[in-house]
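Just so you know, these numbers use all the heavy atoms, side chains as well, and skip hydrogens, waters and symmetry mates.
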Amino acid sequence: MPKRDTVQPNVDLIARKVSDKSWSEASFSKMIGKHKRWLSEVRRGKNLPSPEEAARMCVLLQTTPEEILTEQADIDLVKGLLENDPGIKEARATEGEGLNGKIAQFIRSASAEELDEIYRYIDFLESKRAKK
């Protein structure tokens with residue numbers, strides 16, 4: 001089975017931009033649609049973002065592929081996605097969940113503390129669901 005396509009990120013710069021927005025790495029990872037330890041795994045080289053995930057990072061961080069990627073081929077690929085895939089510009093908080101507009105807007109504008117509280121509540125609800 002072939003590996004998925006990945007890109008080489010400038011993780012230190014991404015982490016700095018996440019911090020500048022007052023988001024936790026866990027919150028940012030979930031906004032990308034990944035588990036809360038994903039960015040930490042990217043930092044350690046255990047997991048690399050797909051081109052689509054890198055494009056969502058650009059949208060969420062309000063930056064360019066040139067700023068967060070290290071390889072020119074990756075930059076060109078992600079630029080193409082941003083230019084040609086209008087769905088990526090929506091920067092969904094979670095992949096494939098079809099969030100309604102009100103929820104998506106709230107999540108995009110939420111502070112780090114609000115996002116952490118949302119994720120704690122989701123964890124609480126999931127634990128309740130698991131007990132049923």
Side-chain angles (χ1 to χ4, degrees):
M1 184 161 112
K3 287 186 170 187
R4 69 185 185 110
D5 289 335
T6 60
V7 295
Q8 292 293 321
N10 180 337
V11 184
D12 292 333
L13 186 122
I14 292 168
R16 195 166 42 251
K17 286 187 166 293
V18 167
S19 178
D20 288 347
K21 289 194 170 286
S22 299
W23 294 336
S24 69
E25 288 189 7
S27 296
F28 181 71
S29 295
K30 288 194 172 196
M31 283 187 261
I32 297 296
K34 307 303 275 182
H35 59 83
K36 64 184 177 182
R37 290 178 301 281
W38 177 75
L39 190 55
S40 174
E41 290 178 1
V42 170
R43 182 189 305 276
R44 292 189 322 265
K46 294 188 75 168
N47 200 342
L48 292 175
S50 69
E52 295 79 12
E53 291 160 352
R56 283 197 296 274
M57 285 192 278
C58 287
V59 173
L60 286 166
L61 297 172
Q62 299 173 324
T63 192
T64 63
E66 292 89 348
E67 204 168 351
I68 67 165
L69 299 174
T70 62
E71 304 291 328
Q72 188 60 50
D74 295 343
I75 291 167
D76 294 340
L77 177 60
V78 173
K79 279 175 101 172
L81 287 172
L82 288 167
E83 291 168 2
N84 299 314
D85 187 345
I88 285 179
K89 291 189 178 182
E90 286 298 309
R92 294 176 297 261
T94 55
E95 186 157 3
E97 289 192 14
L99 296 173
N100 75 33
K102 186 174 183 177
I103 294 171
Q105 178 62 31
F106 181 85
I107 289 173
R108 281 193 292 272
S109 65
S111 69
E113 293 80 19
E114 289 170 329
L115 288 170
D116 287 340
E117 191 170 332
I118 289 168
Y119 293 126
R120 279 193 301 275
Y121 189 65
I122 289 170
D123 290 343
F124 167 73
L125 291 175
E126 286 175 339
S127 71
K128 280 181 64 174
R129 183 184 288 169
K131 291 178 184 176
K132 289 183 179 182

Item to check | Contacts of type salt bridge (charged side-chain N to carboxylate O under 4.0 Å, His left out), residue Arg43, not counting sequence neighbours | outcome: Asp12, Glu25
Checklist entry - Say you draw a straight line from NZ of Lys36 to CD of Glu41; how long is it, rounded to the nearest 0.5 Å? => result 12.5 Å
Checklist entry - What's in the same ILVMFWY side-chain cluster as Leu125, cut-off under 4.5 Å, chained through other members? => result Tyr121, Phe124
Item to check | Heavy-atom closest contact (Asp74 atom, Leu69 atom, distance) | outcome: O-CD1, 3.7 Å
Item to check | Heavy-atom closest pair, residues Leu61 and Trp23 | outcome: CD2-CZ3, 4.0 Å
Item to check | side-chain contact (heavy atoms from CB on, under 4.5 Å) evaluation trace for Thr6 with Ser50 | outcome: CA-CA 4 Å; Thr6 60; Ser50 69; 5.8 Å; no
Item to check | Over 12 foreign heavy atoms within 6.0 Å of CZ, Arg129 | outcome: no
Checklist entry - Taking the side chain from Thr70 and the backbone from Gln8, do they hold a donor-acceptor pair closer than 3.5 Å? => result yes
Checklist outcome for this item: When every non-hydrogen atom of Met57 is compared with those of Ile14, the smallest separation belongs to SD-CD1, 4.0 Å
Checklist entry - Which value, rounded to the nearest 0.5 Å, describes the distance between Leu82 atom CG and Thr64 atom OG1? => result 9.5 Å
Item to check | hydrophobic_cluster_shared for Met31 and Leu48, side chain cutoff 4.5 Å | outcome: no
Checklist entry - Can any side-chain N or O of Glu114 pair as donor or acceptor with the backbone N or O of Ser111 at less than 3.5 Å? => result yes
Item to check | Nearest atoms (heavy-atom pairs only) where Pro51 meets Val78 | outcome: O-CG2, 3.7 Å
Checklist outcome for this item: For Glu66, the salt bridge (charged side-chain N to carboxylate O under 4.0 Å, His left out) test, sequence neighbours excluded, returns Lys79
Item to check | Distance in Å, Leu115 CG paired with Ser22 OG, rounded so as to fall on 0.5 Å steps | outcome: 11.0 Å
Next on the checklist: Distance check, rounded to the nearest 0.5 Å: His35 atom NE2 versus Ser29 atom OG?
Outcome noted: 7.5 Å
Next on the checklist: Could you tell me if the side chain of Glu117 sits less than 4.5 Å from the side chain of Arg120, heavy atoms only?
Outcome noted: yes
Item to check | Considering all heavy atoms, the nearest Pro49-Ala54 contact | outcome: CB-N, 4.4 Å
Item to check | Atom pair OG (Ser24) and CG (Asp116), whose distance is rounded to the nearest 0.5 Å | outcome: 4.0 Å
Item to check | Partner residues of Asp123 under the side chain to side chain donor-acceptor pair (under 3.5 Å) criterion, sequence neighbours left out | outcome: none
Next on the checklist: Can you tell me how far apart OG (Ser40) and NZ (Lys46) are? Round to the nearest 0.5 Å.
Outcome noted: 9.5 Å
Next on the checklist: Pair Lys30, Trp38 - check side-chain contact (heavy atoms from CB on, under 4.5 Å), show working.
Outcome noted: CA-CA 8 Å; Lys30 288 194 172 196; Trp38 177 75; over 6 Å; no
Checklist entry - Are Ile32 and Leu77 connected in a single hydrophobic cluster, I mean Ile/Leu/Val/Met/Phe/Trp/Tyr linked by side-chain heavy atoms less than 4.5 Å apart? => result no
Next on the checklist: Once side chain to side chain donor-acceptor pair (under 3.5 Å) is applied, do any residues pair with Glu67, and if so which ones, sequence neighbours excluded?
Outcome noted: Lys17, Thr63
Checklist entry - For Ser19, which residues count as a side chain to side chain donor-acceptor pair (under 3.5 Å) partner, sequence neighbours excluded? => result none
Checklist entry - Cluster question for you: counting only ILVMFWY and a side-chain heavy-atom cut-off of under 4.5 Å, with indirect links fine, are Leu39 and Val59 together? => result yes
Next on the checklist: To check you understand the geometry: which heavy-atom pair defines the closest contact between Ala55 and Leu81, and what is its length?
Outcome noted: CB-CB, 4.4 Å
Checklist entry - Going only through I, L, V, M, F, W and Y residues with side-chain contacts under 4.5 Å, is there a path from Tyr119 to Val18? => result yes
Item to check | Min side-chain heavy-atom separation Phe28-Lys21 under 4.5 Å | outcome: no
